[in-house]
Amino acid sequence: MSLHLDASPEELKIFLEEAEEHFQTLEEDLVRMEKEEFNEDLMQEIFRASHTLKGSSATIGHNRMAQLTHAMENVLDKLRKRQIEVTSHLVDIFFECLDCLRVLRDEIINDEESDLNLQDIIAKLSLEAESDAASVQKEAETPPVTGKAVPEQNDGSELERSAGSSLELSWEEKDAVQHGAEEGAIPYWVRIKFNVEPEMAAVRTFVTLMAFGEIGDVIISKPTAEEIEQEKVSDCLEMLILSRAEEESIKKLIQELPDIEKFDVSNYSAPESSSGQPDNIEAAPKEVVAEPVTKGENSEKAGNGAKILSAKKTNRTVRVDVELLDGLMNLVGELVIDRTRLFQILNMMETEHEMDDMSQDLGRTSVHIARVTTQLQEHIMKARMLPVENLFNKFPRMVRDLSQKAGKEVDFIMTGQETELDRSIIEEIGDPLIHLLRNAVDHGLELPEEREAVGKNRIGQLKLQAAHEENHIIITIKDDGKGIDPEAVRQSGIKKGLVSEEQARRLTDKEAISLIFMSGLSTVKKVTDVSGRGVGMDVVRNNIEKINGAIEINSIVGKGTEFKIKLPLTLAIIRALLVSIGEAVYAIPLSTVTETIRIQKKQIEYVNNHEVIVVRGKALPLIRLKTVFDGSISEDEREKLFIVVVNLAGQQVGLVVDSLVGEQEIVIKSLGKYVGDVQGISGATILGDGNVALIVDVSNLIKKVAS
Amino acid sequence: MAKVLLVDDAAFMRMRCAKLLTENGYAVDEAENGQEALEKYQNIKPDLVLMDITMPIMDGLTAVAEIKKVDPNAIIVMCSALGQQNTVMSAIKAGAKDFIVKPYQPEKILSTIKRFIG
């Protein structure tokens, strides 16, 4: 069912943007509210977010959102006044509210009502709101005398009673009337029946009373000003005023006042004339219709003013479809290829031909095009960047929920949220990060009692950090928990048949710990519903490597664990080392390359029939790319070999290649569906000379060695 | 042309209200909070202020008191939501002339403004 909201698309856009901001505020602040000492500013901020949502949603006519936020506000109001205390149960309820609000927001986006039922959550909220015994009692003691509380007395019958009957004048007041009359003021009985929300009756009565104060002296009123302040009001107001104004102008004043259903004005000296005559009660105009403004200079000017104002307010941003950005990136990729190609042609011209004026001109233009291309590439990459904040924002709540479930106390610290990453990388990195955070809370950090027993602070620390480092983004997840025991991982690896006992013994501690990235390994004895099923870490690693990232782990038993994720700034263009194998050129992502070495063929040794070389005292397994890609066992005649040492997740492998071609920026192209998945190849690129180079899938090769 | 200063922290509410008012021939200026309202009040001397209550930095109630200090004749109409009657009452006592309850009905905003500044 569609919602029938009362707002233009443009208004809805602003509404949605603001709503999203408020959701974020709530999300962050609710976590803080639970964790920190009572902080009035924080409470006000939460209250404001909910309050503004209420006002705005009511205005567009999204009643369910208004209902929910109203219920939230009632509880928040008591919280900020410290009438009730923050409990984690309460915070849970608020988070549930937040989830509901997001569903309601989606209703607006989809223009379709969801089947979300708000009754439960609203009931929970009102239960919380009533949890302060004091306020319940207070309400019971002084029931607000509103129109709703005593409806029968207030349905207008009072107005029809004789004017003087309900108000008794004291002698002082009679004297005042007498005195005023001598000076030319006329005493009037005014009786008004309001048509106002019962909640606002007191204020409306007060404002009305004040309005009369401006045209005369209010001698007496029922309810009195004090009673109004104490909210002892009904929906009627009676008063005796002394005014020099004509009866007609008093009536006119009343007609202009808002929220008045009926009224009656009569001269006090002649109460009989109006008593008991309902005809005298004039219905107040239902609504004052605004006069249409004369179209012309006036309204035009107003329009202009608003335009200037809104131009000033407008955010200097434009929303762009992601597909468009992807398309732009692709085109820039083509340009990058052509740039490389141009330079190659230029080089050839320089070396093989005399450079005449024209070709020099061509050279200069090419340099300029190259520079512009580089800038264009940078700008488009920037346009695709988002602060990781968007991703990080949901983590505090997740960590909170997890730690609560696991019975742990966690101090979750995030830094570097402003660090920017390509949006496609942000999309890919979310799941791995969630997994690592879960692991840290579930397995890394100990229970408060355990921590105390080993002399640590009860509260575990979990840090999530993003930072820019050269051409990479480094995301670190660090906990001060129990760390990973390399011995346990070794044993587990042996038991699961991932490594032999012999192999396990020879692994360094760091290599042993890195075994957790292999599928089927989990050192956790107990499987929780969160993590520990042994799938996960390998998926984490695969996801990260899929986007040309790398993950590294450092762990010290008893001190904690640190995961370091290194991510490229963008997915589409990477720096690569070009190598040749036979006739073909291959590209190896530079992010994985640690070094290149030249060896003599005779340096190759054999371990279990596998080729290895010893580099700085350590055995480095070799992979001959020729064998992998040609399928042929190469009868390599060369005496000297080039080895490209690649490193992923702490595992090193040497790739044997024929020669090194050079370093270059390459644009990654997928192989396409018809080619499908090729072992050891992650994609292709077009080189400057127009040839195609295949991109080596390093993680796939390393896994090959590992198995 | 009568000038109205619109004070609300929600851009959405300002946008809607400003549209209504300009369409009806008022010059509209906007402020995001009480502080800004106070500054703008002194600069542009509006004929009337529509003042939200719950705002960051400086709330509507404080803003009423501050504006009244600068100009005792300021005409301020409070924009309140249900449940804020006490604050509205305080604002009225501090010198606000009237109030409107959210969600606003266009006629009500216009009639209220018209009553004070025509």
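In what follows, chains are A, B, ... by sequence order, proteins preceding strands, each numbered from 1. As a basis for the values below, the full set of heavy atoms in this structure was taken, side chains included, without hydrogen atoms, waters or symmetry mates. Note that the coordinates shown come from a computational prediction; the quantities given were computed from them, not determined experimentally.
- Heavy atoms closer than 4.5 Å to chain B are found nowhere in A:L253, neither backbone nor side chain.
- Other residues, nucleotides and ligands contribute at most 12 non-hydrogen atoms within 6.0 Å of the NZ atom of A:K13.
- The candidate with the highest count of non-hydrogen atom pairs below 4.5 Å against chain B, out of A:V207, A:I60, A:I228, is A:V207.
- Ranked by heavy-atom pairs shorter than 4.5 Å toward chain B, the options A:T208, A:I14, A:D77, A:D41 are led by A:I14.
- Applying the salt bridge (Lys or Arg N to Asp or Glu O under 4.0 Å) definition to pairs two or more places apart or across chains, those involving residues 59-74 of chain B are B:E66-B:K69.
- Heavy atoms of A:E18 lying under 4.5 Å from chain B belong exclusively to its side chain.
- Within the 4.5 angstrom heavy-atom criterion, only backbone atoms of B:A96 (N, CA, C, O) approach chain A.
- Here CZ of B:F12 is found 11.0 Å from CG of A:L53. Values are rounded to the nearest 0.5 Å.
- Within residues 45-56 of chain B, the residues having any heavy atom less than 4.5 Å from a heavy atom of chain A are, in residue-number order, B:T54, B:M55, B:P56.
- Taking chain A as the reference chain and counting heavy-atom pairs below 4.5 Å, the highest number among B:P106, B:C79, B:A11 is found for B:A11.
- Atom CG in B:D9 sits 8.0 Å away from atom NE2 in A:H51 (nearest 0.5 Å).
- Note that CD of A:E11 and CZ of B:R16 are 5.0 Å apart. Values are rounded to the nearest 0.5 Å.
- Under the ring pair (Phe, Tyr, Trp, His ring centres under 6.0 Å) criterion, A:F206 pairs with no residue, sequence neighbours left out.
- To the nearest 0.5 Å, the span separating OG on A:S56 from CE on B:M15 amounts to 12.0 Å.
- Residue B:K19 touches chain A through its side chain alone, counting heavy-atom pairs closer than 4.5 Å.
- For A:E107, the salt bridge (Lys or Arg N to Asp or Glu O under 4.0 Å) criterion is met by A:R64, not counting sequence neighbours.
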Worked verdict on B:D98 versus A:R204 for side-chain contact (heavy atoms from CB on, under 4.5 Å): CA-CA 8 Å; B:D98 204 342; A:R204 179 47 68 208; 2.8 Å; yes

task: Output, in order, the C-alpha distance, side-chain angles, deciding distance and verdict of side-chain contact (heavy atoms from CB on, under 4.5 Å) for B:M13 and A:T52.
output: CA-CA 9 Å; B:M13 297 303 271; A:T52 308; 5.7 Å; no

